[in-house]
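In this text, all values refer to a predicted model and were calculated from it rather than measured experimentally. Positions are given from 1 along the sequence.
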Amino acid sequence: MYKRQISASHNTYYDNGIKLLNSAGEKMDEEVIRQLESYLDADPMSIPYARRDRIGKTVDYYGGRNQYIGYLISLSRHSFQGYKVGLDCANGSTWMIAKAVFDALGAQTYVINNQPTGTNINLNSGSTHIEHLQQFVKNNRLDVGFAFDGDADRCLAVDATGAVVDGDHIMAILALDLKEQGKLHNNTLVATIMSNLGLTLACRKFGFKHHASKVGDRYVLESLKEKDWKLGGEQSGHIISTDYAPTGDGIAASLMVLRALAGRDLAGAKVMEKLPQTLVNVAVAEREAIAGAKTVWDAVDAANSELEGHGRVLVRASGTEPLVRVMVEVPTQEEAERICSDLVGLVEAELG
């Protein structure tokens with residue numbers, strides 16, 4: 001049995017698509033997705049239109065929604081009474097659920113962007129526009145804020161000062177909390193190659209390991225399942241805890257953060273320092289052509305040799321867009337921008 005979700009993910013409404021999950025609640029295998037896409041792309045008119053009473057209808061599955069709310073509430077070890085929590089629902093999947101969960105756990109809950117119209121999902125809202133939650137938290141003197149994306153598989157946080165706490169910070173906080181409880185299986189956290197080098201350094205400092213997967217929550221989950229590890233995620237806010245779900249769940253992640261804080265302030269709970277990071281998305285005609293761009297890769301190798309031990313360079317093709325992503329992490333912003341600018345120029349010269 002497959003499950004389906006119509007979603008714009010973290011994009012605008014005109015990028016709505018159908019997310020297909022298998023019977024275990026995991027994303028479908030890439031091969032199955034490729035077969036479906038090939039079928040759809042080959043001849044769209046070959047797919048018969050639904051007619052008359054077979055066009056489908058909207059069903060409010062309130063029983064399932066209530067079960068889900070009850071499950072989320074059960075994830076907390078204690079009440080959140082005394083916490084003033086801000087939520088940005090991105091006019092998406094959390095609009096009806098998130099506030100109900102935090103209210104039930106005793107928090108004073110303040111919500112923005114929880115009035116979906118069908119065309120305003122992620123519009124200047126949610127985790128991709130977190131500046132609105134930052135201002136909301138500061139203006140209302142809240143203790144913490146959480147921003148979700150349209151399909152609610154991402155969660156970013158904002159502390160009381162308005163500072164962003166991204167997926168890397170969240171993973172570090174949760175991994176240390178699980179390690180202290182003896183629940184971080186094999187003392188290993190899974191994060192992608194795009195995570196900040198500061199996360200790796202924090203893992204070393206606190207005595208747990210960091211396994212780097214390919215970019216994408218699908219690959220994080222593959223690593224978790226292969227080794228029976230428990231926690232992983234992405235800098236963008238996909239947080240997967242296999243104790244709770246086989247995919248990212250933004251509300252669950254926010255509850256795990258508050259649970260780990262145990263009454264502390266989020267700003268004081270940060271356990272990693274991010275290295276300055278410069279990321280530039282270079283528009284290209286064919287993103288796959290980066291694989292054969294020898295000049296670019298020679299420059300990447302030279303930069304990584306120079307930075308060994310105190311920084312890194314990463315160049316990769318986007319998985320979904322005609323872009324090549326160039327990322328540089330070094331101790332100073334000036335050096336990051338200089339190296340990144342040089343590499344962007346090479347990518348543009350080779351592929352532009």
Under 4.5 Å between side-chain heavy atoms, hopping through other hydrophobics if needed: is there a path connecting [X] to [Y]?
| X | Y | result |
| --- | --- | --- |
| Phe80 | Val158 | no |
| Leu156 | Ile239 | no |
| Leu87 | Ile130 | no |

Is it the case that the side chain of [X] and the backbone of [Y] share a donor-acceptor pair, with hydrogens and angles ignored and the cut-off at 3.5 Å?
| X | Y | result |
| --- | --- | --- |
| Ser93 | Gly150 | yes |
| Asp149 | Arg154 | yes |
| Gln81 | Gly106 | no |
| Asp166 | His169 | yes |
| Ser76 | Ile73 | no |
| Ser236 | Gly167 | no |

Query - Candidate list Val137, Val144, Asp143, test side-chain contact (heavy atoms from CB on, under 4.5 Å), partner Lys84, passing option - result: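 Option passing the side-chain contact (heavy atoms from CB on, under 4.5 Å) with Lys84: Asp143.
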
Requested in this report: Name all residues meeting the side chain to side chain contact (heavy atoms under 4.5 Å, CB included) criterion together with Glu180; count only those two or more places apart in sequence or in a different chain, and write none if there are none.
Outcome: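 Result, side chain to side chain contact (heavy atoms under 4.5 Å, CB included) vs Glu180: Leu176.
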
Requested in this report: Pick out which of Glu335, Glu337, Gln333, Glu334 makes a side-chain hydrogen bond (donor to acceptor under 3.5 Å, both in side chains) with Thr278.
Outcome: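 Going through Glu335, Glu337, Gln333, Glu334 one by one, the side-chain hydrogen bond (donor to acceptor under 3.5 Å, both in side chains) with Thr278 is satisfied by Gln333 alone.
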
Report task. Give me the other members of the hydrophobic cluster that Met327 sits in, counting Ile, Leu, Val, Met, Phe, Trp and Tyr linked by side-chain heavy atoms under 4.5 Å, directly or via other members. Result ->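 Answer for Met327: Ile193, Met194, Val215, Leu279, Leu314.
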
Requested in this report: Go through Asp243 and Lys183 one step at a time and tell me if the salt bridge (Lys or Arg N to Asp or Glu O under 4.0 Å) criterion holds.
Outcome: CA-CA 10 Å; Asp243 282 337; Lys183 295 181 179 179; over 6 Å; no

Any side-chain heavy atom of [X] within less than 4.5 Å of one from [Y]?
| X | Y | result |
| --- | --- | --- |
| Thr188 | Lys227 | no |
| Asp228 | Lys230 | yes |
| Ile121 | Pro116 | no |
| Leu255 | Phe102 | yes |

Query raised in the report: Do the ring planes of Phe136 and Tyr110 sit parallel (below 30°), tilted (30 to 60°) or perpendicular (above 60°)?
Result: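 Judged by the thresholds at 30° and 60°, the geometry between Phe136 and Tyr110 is perpendicular.
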
Query raised in the report: Angle class for the Phe206/Phe208 ring planes (parallel below 30°, perpendicular above 60°, tilted otherwise)?
Result: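 Ring orientation of Phe206 relative to Phe208: parallel.
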
Report task. Test Leu275 against Asn196 for side chain to side chain contact (heavy atoms under 4.5 Å, CB included), laying out the working first. Result -> CA-CA 7 Å; Leu275 268 68; Asn196 192 277; 3.8 Å; yes

